[in-house]
Amino acid sequence: MTQISDGIFMYLIQCLFSLIIIILAIPVLLFFVQILFSLFPLSSRQITTNRSSIAVLVPAHNESNGIIATITSIKAQLNTGDRLLVVADNCDDDTAEIAKANGVEVIQRTSENQRGKGYALDFGVRYLEADPPDIVIIVDADCIVHDDALNRLAFECISLGRPIQALYLMNSPGNDGLKTKVAEFAWVVKNWVRPLGFLRLNLPCQLMGTGMAFPWLLLKEADLSSGHIVEDMKLGIDFARLSKAPHFCPDALVTSTFPINAEGVKSQRTRWEHGHLGMIVKEGPALLRESLVKANLEQLFMTLDMCVPPLAMLIILIFAMSLLGAVLALFNHQLYPWLYVWSLLVTMAISVILAWLKYGRNILSISHLIYIPFYVLSKIPLYVKFVVKRQVEWVRSRRD
């Protein structure tokens with residue numbers, strides 16, 4: 001009787017193990033497909049010199065140190081009739097005064113209870129209702145908008161009639177360590193390589209928080225006024241539900257720099273990754289079910305893309321399952337479940353190497369790739385904290 005019970009228990013463990021492997025295989029295969037298709041060439045679209053009127057909306061919370069560079073990069077690309085609006089949100093520095101001194105339209109918002117970028121964006125959009133533009137482009141106050149990016153975003157936005165996401169990259173600060181370099185490469189994979197792969201397949205991308213262009217008629221109806229920790233990801237999914245999912249425009253470049261302050265780096269990464277994981281856990285299953293019921297392919301692929309965990313966590317999960325598979329193999333003498341897990345690890349390794357060969361060699365040398373496992377291990381406390389003390393409120397990262 002005991003042998004039968006032990007056999008049933010082992011069978012249930014194997015079934016659970018197989019189910020987890022199947023679930024893990026979905027983001028791994030999606031990740032591999034995105035990397036693979038990003039390697040194919042894509043011709044740049046020609047844009048016209050005449051475009052619709054735009055309003056560039058810049059939410060700013062205590063950004064006095066860097067906002068001049070942002071304003072300068074934007075003003076150089078504005079045409080007659082365009083507007084640049086800075087929303088000085090809950091600032092206790094001179095952000096508003098600096099923006100005004102640089103010839104920018106400024107509105108100020110103060111609220112003790114409603115804090116977060118989403119509230120600032122909603123405040124700015126409501127202000128624009130009095131004289132609405134054709135297109136609104138959102139740029140964070142710590143970003144640089146590179147040559148012709150506004151024109152390209154506006155052209156794509158009008159042509160496709162949907163939100164358009166620029167290529168948003170974060171660069172390492174001067175004299176940065178190897179850990180920051182690995183983080184920069186991971187950012188390239190997330191914000192450039194993966195959406196580029198989907199673009200090759202004519203599939204949508206996630207919104208990235210800055211360098212986002214919206215047709216006015218869509219944005220004015222959007223649910224912006226929230227303190228959601230990843231308001232950009234949520235907004236992109238909302239548009240996908242309306243079959244107006246965002247598309248990627250790699251020809252429009254927006255950049256910023258990782259915080260120099262160690263506390264700021266930690267806070268920033270915690271906010272991004274906890275917010276992302278929270279969306280997967282809380283919204284993922286319901287969004288997948290809804291997209292299948294409604295046969296909404298845009299929502300389906302955006303949700304699948306959203307459900308790919310942060311790269312470090314995905315590797316940790318696969319490695320943990322490989323250890324569990326090895327233990328199971330010792331008891332049941334069956335190697336194939338363990339080999340399935342290792343096939344996922346190999347697939348991830350091939351994907352990362354392909355991405356590095358095409359997009360990462362100027363960031364990391366081949367010898368630096370050896371550091372990636374240590375970088376992955378360093379993220380374990382962040383993921384443990386997600387379970388025991390998850391960050392759920394928006395907090396500005398200290399940059400200096």
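Values below: all heavy atoms of this structure, side chains included; hydrogens, waters and symmetry mates excluded. In this text the structure is predicted, and so the values were computed from the model without any measurement.
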Quick one: pull up [atom1] in [X] and [atom2] in [Y] and give me the separation to the nearest 0.5 Å.
{"X": "Phe239", "Y": "Glu221", "atom1": "CZ", "atom2": "CD", "answer": "10.0 Å"}
{"X": "Ile144", "Y": "Ile71", "atom1": "CD1", "atom2": "CD1", "answer": "10.5 Å"}
{"X": "Ile67", "Y": "Cys143", "atom1": "CD1", "atom2": "SG", "answer": "11.0 Å"}
{"X": "Ile237", "Y": "Glu283", "atom1": "CD1", "atom2": "CD", "answer": "9.0 Å"}
{"X": "Ile280", "Y": "Cys307", "atom1": "CD1", "atom2": "SG", "answer": "5.5 Å"}
{"X": "Ile68", "Y": "Asn102", "atom1": "CD1", "atom2": "CG", "answer": "5.0 Å"}

Evaluate the criterion side chain to side chain contact (heavy atoms under 4.5 Å, CB included) for residue pair Tyr359 and Leu196; output intermediate values, then yes/no.
-> CA-CA 12 Å; Tyr359 301 96; Leu196 189 60; 3.2 Å; yes
Indicate yes or no: at least one non-hydrogen side-chain atom of [X] is less than 4.5 angstrom from one of [Y].
{"X": "Val139", "Y": "Leu57", "answer": "no"}
{"X": "Glu184", "Y": "Lys181", "answer": "yes"}
{"X": "Ile164", "Y": "Pro246", "answer": "no"}
{"X": "Lys220", "Y": "Leu128", "answer": "no"}
{"X": "Pro309", "Y": "Pro27", "answer": "yes"}
{"X": "Asp122", "Y": "Arg126", "answer": "yes"}
{"X": "Phe32", "Y": "Thr347", "answer": "yes"}
{"X": "Leu167", "Y": "Cys249", "answer": "no"}

Sequence-distant partners of [X], salt bridge (charged side-chain N to carboxylate O under 4.0 Å, His left out), two or more places apart:
{"X": "Asp232", "result": "none"}
{"X": "Arg200", "result": "none"}
{"X": "Asp223", "result": "Lys234"}

Going through the checks in order, is the ring pair (Phe, Tyr, Trp, His ring centres under 6.0 Å) test met by Tyr383 and Phe386?
-> CA-CA 5 Å; Tyr383 301 134; Phe386 173 77; 8.4 Å; no
From CA spacing to verdict: side-chain hydrogen bond (donor to acceptor under 3.5 Å, both in side chains), Thr257, Asn171 | CA-CA 5 Å; Thr257 303; Asn171 301 318; 5.2 Å; no
Applying side-chain hydrogen bond (donor to acceptor under 3.5 Å, both in side chains), name anything that partners [X], two or more places apart in sequence or on another chain.
{"X": "Ser73", "result": "none"}
{"X": "His146", "result": "Thr255"}
{"X": "Asn90", "result": "none"}
{"X": "Asn296", "result": "none"}

Could you give me the CA-CA distance, side-chain angles and deciding distance for Lys294 and Glu290, then say whether salt bridge (Lys or Arg N to Asp or Glu O under 4.0 Å) is met?
-> CA-CA 6 Å; Lys294 295 182 177 180; Glu290 180 183 314; 3.6 Å; yes
Scan the side chains in residues 81-88 for donor-acceptor partners under 3.5 Å anywhere in the protein, sequence neighbours excluded, and list what turns up.
| residue | atom | partner | partner atom | Å |
| --- | --- | --- | --- | --- |
| Asp82 | OD1 | Arg51 | NH1 | 3.2 |
| Asp82 | OD1 | Ile54 | N | 3.1 |
| Asp82 | OD2 | Arg51 | NH1 | 3.0 |
| Asp82 | OD2 | Arg51 | NH2 | 2.6 |
| Asp82 | OD2 | Asn79 | N | 2.6 |
| Arg83 | NE | Glu105 | OE1 | 3.3 |
| Arg83 | NH1 | Asp131 | O | 3.0 |
| Arg83 | NH2 | Glu105 | OE1 | 3.4 |
| Arg83 | NH2 | Glu105 | OE2 | 2.9 |

Verify the distance criterion only: is there a donor paired with an acceptor across the side chains of Thr95 and Glu63 at less than 3.5 Å?
-> no
Would Asn113 and Ser111 count as having a side-chain donor-acceptor pair, cut-off 3.5 Å?
->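 No, no side-chain donor-acceptor contact under 3.5 Å.
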Please identify each residue that fulfils side-chain contact (heavy atoms from CB on, under 4.5 Å) with Leu288, with sequence neighbours left out.
->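 With sequence neighbours excluded, Leu288 shows a side-chain contact (heavy atoms from CB on, under 4.5 Å) to Leu300, Thr303, Leu304, given in chain and number order.
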Listed by chain and number, what are the side-chain contact (heavy atoms from CB on, under 4.5 Å) partners of Tyr375, not counting sequence neighbours?
-> Lys179, Val182, Ala183, Tyr371, Ser378, Lys379
Pair up each side-chain donor or acceptor in residues 202-214 with any protein partner under 3.5 Å, not counting sequence neighbours, and list the distances.
| residue | atom | partner | partner atom | Å |
| --- | --- | --- | --- | --- |
| Gln206 | NE2 | Met302 | O | 2.8 |
| Gln206 | NE2 | Asp305 | OD2 | 3.0 |
| Thr210 | OG1 | Asp140 | N | 2.8 |

Are [X] and [Y] in one and the same hydrophobic cluster, where Ile, Leu, Val, Met, Phe, Trp and Tyr link if side-chain heavy atoms are under 4.5 Å apart?
{"X": "Leu354", "Y": "Val346", "value": "yes"}
{"X": "Met313", "Y": "Ile23", "value": "no"}
{"X": "Leu29", "Y": "Phe319", "value": "no"}
{"X": "Ile22", "Y": "Tyr340", "value": "no"}
{"X": "Ile137", "Y": "Ile158", "value": "yes"}

Using a 3.5 Å distance criterion without hydrogens, assess whether the side chain of [X] forms a donor-acceptor pair with backbone atoms of [Y].
{"X": "Gln77", "Y": "Val145", "result": "yes"}
{"X": "Arg194", "Y": "Lys190", "result": "no"}
{"X": "Gln299", "Y": "Leu287", "result": "yes"}
{"X": "Trp342", "Y": "Ser322", "result": "no"}
{"X": "Asn62", "Y": "Asp92", "result": "yes"}
{"X": "His247", "Y": "Arg162", "result": "no"}

side-chain hydrogen bond (donor to acceptor under 3.5 Å, both in side chains) contacts in which one or both residues fall within residues 23-33, not counting sequence neighbours =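 For residues 23-33, and leaving out neighbouring residues, there are no side-chain hydrogen bond (donor to acceptor under 3.5 Å, both in side chains) pairs at all.
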Check the pair Trp187 / Tyr168 against ring pair (Phe, Tyr, Trp, His ring centres under 6.0 Å), numbers first and verdict last.
-> CA-CA 9 Å; Trp187 187 274; Tyr168 171 40; 5.4 Å; yes
Let me see the working for Arg241 and Glu298 under salt bridge (Lys or Arg N to Asp or Glu O under 4.0 Å), right down to the final yes or no.
-> CA-CA 8 Å; Arg241 282 173 154 164; Glu298 291 188 358; over 6 Å; no
Is Asp147 atom CG crowded by more than 12 heavy atoms from other residues, nucleotides or ligands, each under 6.0 Å away?
-> no
What do you reckon, is CG of Leu19 surrounded by more than 12 foreign heavy atoms closer than 6.0 Å?
-> yes
